Amino acid sequence: MKKGFIFDLDGVIVDTAKYHYLAWKKLANELGFEFTLQQNELFKGVSRKRCLEILLELGNIQASQEQFDRWMIEKNEDYLKYITKMDASEILPDVPRVLEFLKNKKAPIALGSASKNAKPILEKVGLLPYFESIVDGNNVTKAKPDPEVFLIAATNLQVAPQDCVVFEDAVAGIQAANNAQMTSIGIGDANTLTEANYNFNDFTEMTDDFLNGLLA
Ligand code: G1P
Ligand code: MG
């Protein structure tokens, strides 16, 4: 039976979660409050709009629609400043090995990300050719933990959801994968990603034997 593999982007393929954090923190500081790394966990896998809503709730700030839209633009402009300098050195450890392994097994690969900046980032780091389908913040109406993003990816790969494997660093992303009846693999802190079917600190810990087991 064909197995499909769906990767989140930020914090799984590339080390961009830190840049999102810095851009959100800058905005929070400008608005007069702190934004901690722990609070940032709530932002992982979440859309830009929803992130700003949460940020303003944290800072107890009311905003007009115009202000809200301006802050969304400002955050993204700050974020883009970080990623224009990006190159393959920002790919997280052993991601290319895993992508190459799956490609050699002819397993279809998709991206399932909340980010609207996904495609240019994959292009910049040179990984775009591995992906048969890119589903990102431009294609979805419902954010993770809703399974929509992964279900669209499964449809595009022509693989049944139960035969898809999702790699995620966000709590909301693991929940989305579970809600889609997919195999969820947490990349990061197992104490945070407690709902994942499997946990790895990073891809260096993921053996070829484990990957073969997923393909079986
Ligand atoms: C959006 C959010 C960001 C979040 C990311 C998840 O990315 O802004 O905070 O971590 O989704 O992938 P954006 O569309 O702004 O690139
Ligand atoms: Mg992520």
Side-chain angles (χ1 to χ4, degrees), residues 5-28 35-59 68-84 86 90-93 95 110-125 127 131 134-150 152-153 165-178 182 184-190 192-193 195-196 199-203:
F5 292 81
I6 307 173
F7 289 74
D8 174 49
L9 177 72
D10 297 312
V12 169
I13 292 179
V14 279
D15 201 6
T16 40
K18 63 185 181 199
Y19 298 141
H20 281 299
Y21 171 66
L22 291 173
W24 286 122
K25 182 173 153 60
K26 178 170 170 280
L27 182 59
F35 177 57
T36 66
L37 272 169
Q38 201 188 339
Q39 288 169 328
N40 187 56
E41 286 301 316
L42 298 171
F43 282 43
K44 291 188 177 173
V46 177
S47 71
R48 195 183 308 163
K49 178 165 174 282
R50 185 65 198 128
C51 286
L52 182 54
E53 286 168 359
I54 301 171
L55 193 81
L56 296 180
E57 281 163 29
L58 290 171
F68 189 96
D69 293 344
R70 241 182 295 130
W71 287 330
M72 288 249 287
I73 292 169
E74 185 186 323
K75 184 271 171 180
N76 195 49
E77 283 175 349
D78 286 329
Y79 176 68
L80 291 177
K81 278 181 207 151
Y82 289 111
I83 64 162
T84 45
M86 244 183 126
E90 307 237 17
I91 298 171
L92 286 164
V95 168
L111 191 85
S113 165
S115 172
K116 295 191 172 183
N117 295 302
K119 206 168 172 191
I121 291 177
L122 281 182
E123 236 160 10
K124 253 179 203 309
V125 300
L127 294 178
F131 293 84
I134 309 275
V135 187
D136 67 13
N138 301 298
N139 312 106
V140 297
T141 57
K142 289 172 246 152
K144 301 171 189 175
D146 190 282
E148 185 185 23
V149 59
F150 296 142
I152 296 174
V165 175
V166 173
F167 301 103
E168 258 291 351
D169 72 319
V171 174
I174 293 294
Q175 290 168 341
N178 293 341
M182 297 177 177
S184 57
I185 303 192
I187 305 294
D189 183 11
T192 304
L193 305 174
E195 294 170 58
N199 289 91
F200 295 89
N201 284 309
D202 59 43
F203 285 104

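For ligands, and for the atoms within them, numbers begin at 1 and follow the listed sequence. Keep in mind the model is a prediction, meaning the values are calculated, not measured.
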message: Working to the nearest 0.5 angstrom, can you tell me the gap between E74 CD and L27 CG?
response: 5.5 Å
Spacing of CE belonging to M72 relative to CG belonging to L52, to within rounding of 0.5 Å: 7.0 Å
Quick one: do [X] and [Y] make a salt bridge, cutoff under 4.0 Å?
X	Y	result
E77	R48	no
D78	K75	no
K144	D8	yes

query: Would you say Q175's side chain and P145's backbone share a donor-acceptor pair under 3.5 angstrom?
result: no
message: If we ignore hydrogens and angles and just use 3.5 Å, is the side chain of D136 paired with the main-chain N or O of L111 as donor and acceptor?
response: no
For ligand 1, which atoms have a heavy atom of [X] less than 4.0 angstrom away?
X	result
D10	5 (C), 6 (C), 12 (O)
V46	1 (C), 2 (C), 3 (C), 4 (C), 5 (C), 6 (C), 11 (O)
K116	13 (P), 14 (O), 16 (O)

task: Decide whether the shortest distance between a heavy atom of L9 and an atom of ligand 1 is less than 4.0 Å.
output: no
message: Can you tell me if W24 contacts ligand 1 (heavy atom of the residue under 4.0 Å from the ligand)?
response: yes
query: Parallel, tilted or perpendicular: which fits the ring planes of F35 and F43, with parallel below 30° and perpendicular above 60°?
result: tilted
field: Plane angle bin for F7 and F203 - parallel if under 30°, tilted between 30 and 60°, otherwise perpendicular
entry: tilted
Can you tell which part of [X] has a heavy atom less than 4.0 Å from ligand 1: side chain, backbone, both or neither?
X	answer
C51	side chain
H20	side chain
D8	neither

Starting from [atom], which protein heavy atom do you reach first, and at what distance in Å?
atom	result
atom 8 (O) of ligand 1	K75 NZ, 3.1 Å
atom 10 (O) of ligand 1	F43 O, 3.5 Å
atom 15 (O) of ligand 1	R48 NE, 2.7 Å

task: Decide whether Y19 and E90 meet the rule of one side-chain donor and one side-chain acceptor closer than 3.5 Å.
output: yes
Determine all donor-acceptor pairs shorter than 3.5 Å in which one atom belongs to a side chain in residues 114-121; sequence neighbours excluded.
from	atom 1	to	atom 2	distance (Å)
S115	OG	N117	N	2.8
N117	ND2	N76	OD1	3.1

- prompt: Just distances here: any N/O of N117 and N/O of ligand 1 closer than 3.5 Å?
  reply: yes
- request: Give yes or no for whether the N/O distance cutoff of 3.5 Å, strictly under, is met between K44 and ligand 1.
  value: no
query: What protein N, O or S atoms come within a distance below 2.8 Å of the Mg ion (ligand 2), ordered by chain and number?
result: D8 OD2, D10 O, D169 OD1
